[in-house]
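Here is the structure we will look at.
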2 protein chains.
Amino acid sequence: MRLTTKGRYAVTAMLDLAFHSQIKPVTLTDIAARQTISLSYLEQLFARLRRAGMVKGVRGPGGGYKLCRNTNEINIADIISAVDESLDSTKCRGEANCQKDQACLTHALWMGLSEQIRNYLENISLADLLEKNQVQDVAKRQHYEVHQAIEVHRHSE
Amino acid sequence: MRLTTKGRYAVTAMLDLAFHSQIKPVTLTDIAARQTISLSYLEQLFARLRRAGMVKGVRGPGGGYKLCRNTNEINIADIISAVDESLDSTKCRGEANCQKDQACLTHALWMGLSEQIRNYLENISLADLLEKNQVQDVAKRQHYEVHQAIEVHRHSE
DNA sequence: ACTTAACCTAGTAAAATAGTCAACTATTAG
DNA sequence: CTAATAGTTGACTATTTTACTAGGTTAAGT
């Protein structure tokens, strides 16, 4: 389990999606504007999230992305590992032969540690994060801001 | 709090050091050989660890590095943040103005999450890791291996 | 003096991150 | 049907970080 900015982008985008897609699909353009992440980078991230079966793309006008599961069924660990490619965290993926065909210190240590962090993040769902008031307030503010900043003719709630 | 290979290298090296420096200082050359990390990269990492006051270098023959504190007083979070430079995890270090002078979603979310992970890793000390039998066994094996592989005339315990 | 090993600096190759550009396909509104 | 929307894909670029190399200087022990 690695924790990088890439994973943070993915979690942030998913949180934005979870908040705004309750009525209709959300376009990556909107998420990009609200979270100041480049559209093309979001496309890369969402391509992985889609392949991981976490989001579904809806094409055509009024389309966008929506979640495949409920917010309480999507956890942070899944999001991060979906975009992080889970690159061999110890050079010898599970084979324990990174060092002269033997288990290395890294293995004994980091595998366990990594697993504990994963368990921890698995127990935090998107729903948990959405419940936090602070997040909701910020998201609401950003939501209206985008509506003011960019001309939006469609779905004026 | 970021979790990358760099941090893992640092933790691994510190664990190696904690295990082997109980009698006398440990040279980076030895750690490099045991953990298959390049010597110069270790030097970089230990320069940071030294500046963070976690290790102390002893120059001259018989020198090397030793821990400044007890193994139960050094936690994983400290090691990682010592080498990871704690690069602004949200683009607006604590100022919460990353996006149009307002708190962004990233802030509300990741700051809290990051803090929780930090708290978690803060409660794991080097001593905790050393107590695990598996780690000790591997370390012991590597210890003797190096003595066989490389000609070591000094400090044959 | 000579060796050892920390300490320091600069550079560099490879990888990951972040983003761009352009073409294409599916869907839907008109 | 046609045009607009928006996802999908791939190839390509720039920046940053990671990991490592090469060369030195400094301090301490023999």
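Nothing here was measured: the structure is a model prediction, and the numbers come from that model.
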Original post:
Whole-Å distance between C/dT20 P and A/L42 CG?
Top reply: 11 Å
Original post:
With sugar-phosphate meaning primed atoms plus P, OP1 and OP2, does A/Y65 contact a base, only sugar-phosphate, or nothing at under 4.0 Å between heavy atoms?
Top reply: sugar-phosphate
**OP:** Could you tell me the separation between the CZ atom of B/R51 and the C1' atom of C/dT9, rounded to a whole number of Å?
**Re:** 12 Å
**OP:** Report yes if at least one side-chain N or O of A/Y41 is closer than 4.0 Å to OP1 or OP2 of C/dA18; otherwise report no.
**Re:** yes
Original post:
Does a side-chain N or O from A/T4 land closer than 4.0 Å to OP1 or OP2 of C/dT17, or not?
Top reply: yes
**OP:** Give the cluster check for A/M14 versus A/V58: same hydrophobic cluster or not, with ILVMFWY residues linked at side-chain heavy-atom distances below 4.5 Å.
**Re:** no
Can you list, pair by pair, the side-chain donor-acceptor contacts under 3.5 Å of residues 70-79 of chain B, counting residues two or more places apart and other chains?
unit_1 : atom_1 : unit_2 : atom_2 : d
B/E73  : OE1    : B/N70  : N      : 3.1
B/N75  : OD1    : B/A77  : N      : 3.1
B/N75  : OD1    : B/D78  : N      : 2.8
B/N75  : ND2    : B/D78  : OD2    : 3.2

Subject >> Side chain proximity check, A/T27 to A/Y65, heavy atoms < 4.5 angstrom >> reply: no
Subject >> B/I31: which of B/L15, B/D16, B/L39 passes side-chain contact (heavy atoms from CB on, under 4.5 Å) >> reply: B/D16
Original post:
Is a donor-acceptor pair below 3.5 Å formed from side chain A/E43 to base D/dG7, judging by atom type as modelled?
Top reply: no
Original post:
Nearest nucleotide by nearest heavy atom, which residue falls closer to the 5' end of DNA chain D, A/G57 or A/Q44?
Top reply: A/G57
Original post:
Which part of the nucleic acid, if any, lies within reach of A/S38 when heavy atoms closer than 4.0 Å are counted: base, sugar-phosphate only, or nothing?
Top reply: sugar-phosphate
**OP:** Would you indicate, yes or no, if D/dT18 has its OP1 or OP2 atom less than 4.0 angstrom from a side-chain nitrogen or oxygen of B/R8?
**Re:** no
If you restrict it to nitrogen or oxygen atoms, what contacts under 3.5 Å exist between nucleotides 26-30 of chain D and the protein, and what is each distance?
unit_1 : atom_1 : unit_2 : atom_2 : d
D/dT26 : O2     : B/R59  : NH1    : 3.2
D/dA27 : O4'    : B/R59  : NH1    : 2.5

Original post:
Taking only N and O in the side chain of A/T27, is any of them less than 4.0 Å away from OP1 or OP2 of D/dT5?
Top reply: no
Subject >> A/S125 versus A/D128, side-chain donor and acceptor atoms under 3.5 Å >> reply: yes
Original post:
Within the structure shown, what part of the strands sits under 4.0 Å from B/L28 by heavy-atom distance: base, sugar-phosphate, or nothing?
Top reply: sugar-phosphate
**OP:** Determine, stepwise, if the pair A/I80 / A/R118 fulfils side-chain contact (heavy atoms from CB on, under 4.5 Å).
**Re:** CA-CA 10 Å; A/I80 292 174; A/R118 161 170 281 281; over 6 Å; no
Original post:
Under 4.0 Å between a side-chain N or O of A/R2 and OP1 or OP2 of C/dT17?
Top reply: yes
**OP:** Drop me the distance from B/R8's CZ to B/I37's CD1, to the nearest 0.5 angstrom.
**Re:** 10.0 Å
Original post:
Any idea which of D/dT8, C/dA6, D/dT18 is nearest the B/T5 side chain?
Top reply: D/dT18
